[in-house]
Amino acid sequence: MHDDEDLQVVGTTSDYLIQQLTDEEEGKDSAIEYLRSGFLSSAADTLFYMRLQAGLTQAQVAERLHTKQSAIARLESDSDGGISLHRYIDFALACGMVPHNITFAPLESVINYTIAQPEILYTQGNYEEWLKTNAQPASATVESAVQVESNSDE
Amino acid sequence: MGLRSETVFSTLRSFTEVVDGFDKRVSQTIKVHTIHFQGAWRASRHDGELPSSCCIEQDKKVVDGSYQLYQIRVGPGRGYRAWVMFLDNSPDAYWIYAFKKEKDRQPEDMERARAIAQRYWEQIRRGNNA
């Protein structure tokens, strides 16, 4: 590599990401890994923001969960998805919160969303807003069986 | 650094070449973590408002230029380090280098990150003076 070639600006981080996600050969696999890691990272970050919103310290949450502050720090930084669902809900309850039911969306549609706006967090609200302006099928989001049954009773 | 909410993050080839060289899962996880960091950075007013998962640490070595260097823990198990350079009095920030955290190689990689930052700073300065 020429001495200063490595100092070339490739583009914004979004440009770099889009380039990977739209690659003809490996784009889909890259997108799957990206979305997988994104979900796990968001889940961990949500614990941090939830605790902050509740006005609690890690030590206070630890006391409520009968554990150590260091264990809470580990849960909040666990972006590899090692936390159990059981522990996740206990953490939320300790903060006086309950998560919404998890919903799902078709992979292809979410890949398109990510390519269209890679730096906008993939939340249900952001995704549904994007769907409205991009004429995707309204049935794109899959709710839990309980929600679907409940809706059909109305 | 300017207002955090206005920060524009770009990537240097020295960063993308290293990240693209890791296996796909590592590479994508690093990208996710950098994008998440960017969002969290823009939404924060100070480091205390950054999620624990960001694991940000300012490089303590004094730099010869108007910029700050930060090391972020990224990748699977947060076992990799990504270095980002924030210019003083500017909204611009650059991902400059990344490496796998290994006991023996860390000082060498950190020095490499610092050297890239310093060279890039000189390039910016030359550009401004031209």
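Naming convention: chains lettered A, B, ... in sequence-line order (proteins, then strands); numbering from 1 in each chain.
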*Flag the pair Asp6(A) / Glu17(B) as yes when at least one side-chain heavy-atom distance between them is below 4.5 Å, and no otherwise.*
no
*Less than 4.5 Å apart, any side-chain heavy atom of Glu33(A) and any of Val32(B)?*
no
*Given a strict heavy-atom distance threshold of 4.5 Å, which part of Leu121(A) is in contact with chain B: side chain, backbone, both, or neither?*
side chain
*Is it possible for you to say whether Val110(A) and Tyr34(A) belong to one hydrophobic cluster, with membership spreading through side-chain heavy-atom contacts below 4.5 Å?*
yes
_Interchain contact, Leu50(B) with chain A, by part (heavy-atom threshold 4.5 Å)_ = backbone
*Among Leu21(A), Thr12(A), Leu52(A), residue most engaged with chain B (heavy-atom pairs, under 4.5 Å)*: Thr12(A)
*Output the option from Cys55(B), Ser27(B), Ser10(B), Pro51(B) having the highest count of non-hydrogen pairs under 4.5 Å with chain A.*
Pro51(B)
*Any side-chain donor paired with an acceptor under 3.5 Å for His33(B) and Ser41(A)?*
yes
*asked:* Which atoms of Thr34(B) are under 4.5 Å from chain A, going by heavy atoms: the side chain, the backbone, both sets, or neither?
replied: side chain
*Transitively linked via ILVMFWY side-chain contacts under 4.5 Å: Ile83(A) with Ile102(A)?*
no
*asked:* With a 4.5 angstrom heavy-atom cut-off, is it the side chain or the backbone of Asp29(A) that approaches chain B, or both, or neither?
replied: both
*Below 4.5 Å, heavy atoms only, C-beta onward: do Tyr16(A) and Lys31(B) meet side chain to side chain?*
yes
*When you look at CD of Glu122(B), are more than 12 heavy atoms from neighbouring residues, nucleotides or ligands closer to it than 6.0 Å?*
yes
_Is there a side chain to side chain donor-acceptor pair (under 3.5 Å) between Ser77(A) and Arg78(B)? Walk through the geometry before answering._
CA-CA 9 Å; Ser77(A) 58; Arg78(B) 299 280 172 177; over 6 Å; no
*If we only count heavy atoms from C-beta on, is the Thr13(A) to Ile35(B) side-chain gap below 4.5 Å?*
yes
*Taking the side chain as every heavy atom from C-beta outward, state whether Val9(A) and Leu12(B) have any pair of such atoms under 4.5 Å apart.*
yes
*Rounded to the nearest 0.5 Å, what separation is found between the CZ atom of Arg25(B) and the OG atom of Ser37(A)?*
7.0 Å
*Are Arg36(A) and Gln28(B) side-chain neighbours, meaning at least one heavy-atom pair lies under 4.5 Å?*
no
*Do Asp4(A) and Gln123(B) touch side chain to side chain, with heavy atoms closer than 4.5 Å?*
yes
*If every non-hydrogen atom of Glu49(B) is compared with every non-hydrogen atom of Tyr49(A), which pair is closest and at what distance?*
O-CE2, 4.2 Å
_CD/Gln60(A): more than 12 non-hydrogen atoms of other groups inside 6.0 Å_ = yes
_Distance (rounded to the nearest 0.5 Å) between Glu26(A) CD and Lys24(B) NZ_ = 4.0 Å
*Neighbour count above 12 (heavy atom, 6.0 Å) for His46(B) NE2*: yes
*Between Tyr97(B) and Phe9(B), is there a shared hydrophobic cluster once you connect ILVMFWY residues whose side-chain heavy atoms come closer than 4.5 Å?*
yes
*Return the option, out of Ala44(A), Pro118(A), Ser42(A), with the maximum number of heavy-atom pairs under 4.5 Å with chain B.*
Ser42(A)
*Should Ile56(B) and Met110(B) be counted in the same cluster of Ile, Leu, Val, Met, Phe, Trp and Tyr side chains packed under 4.5 Å apart?*
yes
*asked:* So which residue, Ile116(B), Thr16(B), Ile96(B), Val8(B), ends up with the most heavy-atom pairs under 4.5 Å with chain A?
replied: Thr16(B)
*Common cluster, Tyr122(A)/Ile120(A), ILVMFWY with side-chain heavy-atom separation under 4.5 Å*: yes
*Could you tell me which portion of Arg73(B) (side chain, backbone, both or neither) has an atom closer than 4.5 angstrom to a non-hydrogen atom of chain A?*
neither
_salt bridge (charged side-chain N to carboxylate O under 4.0 Å, His left out) partners of residues 41-53 of chain A, not counting sequence neighbours, each pair once_ = Arg51(A)-Glu76(A)
